[in-house]
Amino acid sequence: MRFTLSPEQRDFAASIDDLLAAADTPSVVRAWSHGEHEQGLRLWRQLADLGVTGLAVPEEHGGLDASAVDLTVAVEVLGRHAVPGPVVESLAALPVLLADSGATRWLPGLASGGSLGTLAWSPHVPYAVDADVADVRVCVSDGVLREFGPMAPLSSVDASRRLSAVDVRGEICPARTDRAWSFGVLACAAQLLGAGRRLLDMSVEYATQRSQYGNPIGGYQAIKHLLADVVTQLELARPLLYGAAVSLDTASPNAARDVSAARVACADAAYLAARTALQVHGAIGYTAEHDLSLWLTKVRALRSAWGTQAWHRAQVLAALTTERGAA
Amino acid sequence: MDLDLDRHALDFRAEVRAWLAENVPDKPLASFDTAAGFEQHREWEKRLADAQLSVVSWPEEFGGRDASLLEWVLFEEEYYAARAPARVNQNGIFMLAPTLFAHGTPEQQRRILPAMARSEQVWAQAWSEPEAGSDIAALRSTATRTEGGWLLSGQKTWSSRAAFADAAFGLFRSDPGSERHRGLTYLMFDLRVDGVQVRPIPQLDGETGFAEIFLDNVFVPDSDVIGEPGNGWRVAMTTANNERGLSLRSPGRFLAAADRLLDLWRREGDPSDTALAERVTDAWIGARAYQLYTFETVTRLSEGGQLGPESSVNKLFWSRLDLELHETVLDILGSGAELRGDWLDGWLFSLAGPIYGGTDQIQRNTIAERLLGLPRGPR
């Protein structure tokens with residue numbers, strides 16, 4: 001057993017992190033929110049150059065056929081930097097869905113970063129994100145893949161998630177969904193964990209700099225204890241996330257259960273990080289001007305994207321009680 | 001990144017599982033916080049030792065089998081899953097022994113460890129004093145130099161197992177002019193000699209799990225000092241990290257409890273009570289998270305890493321998990337929850353988790369200052 005990232009995986013994460021740290025993602029997010037995609041698309045092309053867009057695409061369709069762990073590493077960093085765009089869809093769920101279902105014609109475009117893809121999935125993902133900028137638009141309902149056209153835009157709490165309901169068009173083929181759904185949920189959890197960690201880091205930095213009553217507020221136990229709870233929850237969510245990725249990589253019969261458990265823990269930890277971050281920042285954190293809002297709203301949006309917490313908990317419990325019933 | 005067990009680990013686990021299935025008493029032993037139960041547990045420890053299973057991670061020369069940290073975690077999983085008796089000598093095995101491995105002389109190791117492995121000598125811890133709880137450095141008990149050793153005086157309290165144990169270990173102020181963390185010495189002392197008075201303290205559950213220890217000029221030879229005199233604080237920190245960290249509460253304990261909770265839920269749970277169903281789910285998720293977090297830690301340690309302030313993350317997490325798990329059970333049991341039994345005892349025990357080994361509040365300070373780098377403040 002070696003339950004830790006390899007040096008190559010750490011290097012991969014660091015190279016994505018370097019790229020995004022230099023890219024001033026908050027301004028990219030703000031532009032994207034206004035429908036100005038140019039900077040964001042440039043960033044996606046740079047991510048493609050690092051191989052990020054091809055991770056979940058099979059080799060014979062131009063991808064890297066990387067492990068779920070590799071994908072999780074990348075998406076966690078994207079969450080850390082609040083990268084806008086259809087991260088879960090284009091990088092994780094859609095490539096697996098298309099490959100498993102045999103609808104392979106879009107895969108080379110997704111792998112190279114030449115096209116972006118988005119997805120709606122009845123009933124848990126009723127609205128597609130960024131359908132206005134995506135080239136590949138697919139929806140899943142009743143076990144069938146169909147193309148769709150975007151309908152009137154809807155406003156998300158996370159303005160960079162440009163949502164629309166779907167105008168269903170022609171059938172593509174029957175859908176094979178099990179793995180694809182799990183990859184989507186896994187990527188959602190990874191994004192949440194990355195965002196949660198960033199919210200914690202911003203809070204620690206702010207608490208160290210901001211003084212009140214003559215002391216940095218981070219010296220007060222009331223603040224320390226809030227942040228200690230956040231780091232504890234995040235640190236205990238991470239192994240569930242990577243454990244779920246390993247379950248997918250080994251085609252474990254418990255993969256769906258493990259992915260749901262990871263999503264529950266990552267979303268709860270990230271949401272605690274968001275609430276705490278706002279409290280630690282105080283009024284400045286409540287402004288649109290401060291970058292905190294970009295992460296805070298993303299966490300709220302992702303927490304109920306790709307299945308609610310209640311649904312995922314019910315999945316976990318059903319798996320556990322069935323497993324025991326059979327034993 | 002993988003979670004695979006190699007052949008050696010699988011064989012070891014299978015052996016442990018088979019031995020426990022064969023040997024764990026059908027009828028639970030009496031509580032080790034009673035005189036009769038204490039001796040029953042001592043006997044059980046001897047059986048474990050005969051099978052070379054009492055201290056699997058220790059070197060073979062002291063009664064162990066050189067098991068890896070991962071194998072120790074697997075042993076613990078099997079041990080709790082089999083509902084084997086609680087470990088009466090856990091203070092010795094999980095707190096004193098790591099200190100002896102790190103700071104003890106070869107003579108001390110040879111003299112103390114094999115007897116500990118067989119529980120011929122059972123150990124109590126003697127950390128707290130009436131005026132030194134979370135703030136151990138405020139301790140007042142003294143060690144005074146004398147011919148060939150030290151004379152111990154003062155009072156220790158909340159000493160787990162002291163009511164029936166043979167010996168204890170703790171810190172004493174050996175330099176009368178010193179303050180706080182300086183001038184302390186780590187000493188082992190016999191509980192059954194003149195000058196030592198042990199007064200059991202009934203706990204919340206009515207049992208005498210801990211005791212006060214009064215010391216009046218108790219002679220301890222130099223050979224029972226661990227590390228250098230005056231350097232006790234640093235020596236003790238080894239033990240503190242072990243108590244908070246891995247060795248005191250292995251994931252097996254919580255995995256086994258979560259498993260039994262799921263069984264209970266299947267038999268007696270009301271599936272329409274979604275709030276309770278979610279708490280059941282979260283208990284399992286928490287136990288699984290702690291297991292995987294431990295595998296991560298085991299990997300790091302086996303590659304030469306250290307257990308630092310992360311051990312406070314560990315303790316803060318499991319103390320809450322244990323409490324919430326047992327609270328969930330009692331809420332499922334409903335009107336029967338108040339009846340004394342295993343689950344209620346488990347809940348009573350879990351209430352102490354956020355207190356012993358450093359309160360949750362102290363752990364949060366440690367995490368904030370040492371892991372997150374926030375400024376040190378007044379305590």
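Residue numbering restarts at 1 for every chain, and letters A, B, ... go by the order of the sequence lines.
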**Asked** Highest number of heavy-atom pairs under 4.5 Å with chain B: which of A:Y242, A:F3, A:Y220?
**Response** A:F3

**Prompt:** How about residues 211-218 of chain A versus chain B: which residues have heavy atoms under 4.5 Å apart?
**Reply:** A:P216, A:G218

**B:L3 portion near chain A, given a 4.5 angstrom heavy-atom threshold** = both

**Other residues, nucleotides, ligands: >12 heavy atoms within 6.0 Å of A:D11 CG** = yes

**Prompt:** Pick from B:L5, B:I285, B:V280: which one has the most heavy-atom pairs with chain A under 4.5 Å?
**Reply:** B:I285

**Message:** For A:A245, which atoms come within 4.5 Å of any heavy atom of chain B: side chain, backbone, both, or neither?
**Reply:** neither

**Request:** Please state whether the side chain, the backbone, both or neither of A:V204 comes within less than 4.5 Å of a heavy atom of chain B.
**Result:** both

**Asked** Could you give the distance from CZ (A:R238) to CG (A:L240), rounded to the nearest 0.5 Å?
**Response** 11.5 Å

**Prompt:** Measuring heavy-atom distances to chain A, does B:R300 have an atom under 4.5 Å in its side chain, in its backbone, in both, or in neither?
**Reply:** neither

**B:D2 versus chain A, the contacting section by heavy-atom distance below 4.5 Å** = both

**Asked** Going from CG on A:L234 to CZ on A:R198, what distance comes out if it is rounded to the nearest 0.5 angstrom?
**Response** 14.0 Å

**Message:** A quick test of your reading: do over 12 heavy atoms of other residues, nucleotides or ligands sit less than 6.0 Å from NE2 of B:H181?
**Reply:** yes

**Message:** Return the CG to CZ distance between B:L372 and B:R364, rounded to the nearest 0.5 Å.
**Reply:** 13.0 Å

**Message:** Tell me if the aromatic rings of A:W306 and A:H124 count as close, with their centers under 6.0 Å from one another.
**Reply:** no

**Prompt:** Does any heavy atom of chain B fall under 4.5 Å from the side chain of A:L200, the backbone, both, or neither of them?
**Reply:** side chain

**Message:** To the nearest 0.5 Å, what is the distance between CD on B:E324 and CZ on B:R279?
**Reply:** 8.0 Å

**Message:** Please classify the contact between A:S6 and chain B as side chain, backbone, both or neither, with a heavy-atom cut-off of under 4.5 Å.
**Reply:** neither

**Item:** Per-residue contact mode, A:D258 against chain B (heavy atom under 4.5 angstrom)
**Value:** side chain

**Message:** Whether the side chain of A:T276 engages the backbone of A:A273 through a donor-acceptor N/O pair (distance < 3.5 Å, no angle test) should be reported.
**Reply:** no

**Prompt:** Based on non-hydrogen pairs under 4.5 Å, which of A:V316, A:D229, A:V264 is most in contact with chain B?
**Reply:** A:D229

**Asked** What part of B:D282 gets closer than 4.5 Å to chain A, counting heavy atoms only: side chain, backbone, both or neither?
**Response** side chain

**Complete:** Whatever's closer than 4.5 Å to a heavy atom in chain A on B:Q361 counts as both

**Prompt:** Thinking salt bridges, do A:D268 and A:R303 make one under a 4.0 Å N-O criterion?
**Reply:** yes

**Message:** Please verify the inter-ring angle class for B:Y356 with B:F349; under 30° counts as parallel, over 60° as perpendicular, anything in between as tilted.
**Reply:** tilted

**Request:** For B:Q306, look at atom CD and say whether over 12 heavy atoms of other residues, nucleotides or ligands are found less than 6.0 Å away.
**Result:** no

**Request:** Apply ring pair (Phe, Tyr, Trp, His ring centres under 6.0 Å) to A:F183 and list each qualifying residue two or more places apart in sequence or on a separate chain.
**Result:** none

**Asked** If you round to the nearest 0.5 Å, how far is CD of B:E76 from CD of B:E71?
**Response** 13.5 Å

**Message:** Using a 4.5 angstrom heavy-atom cutoff, name the option from B:V313, B:L371, B:T299 with the most pairs to chain A.
**Reply:** B:T299

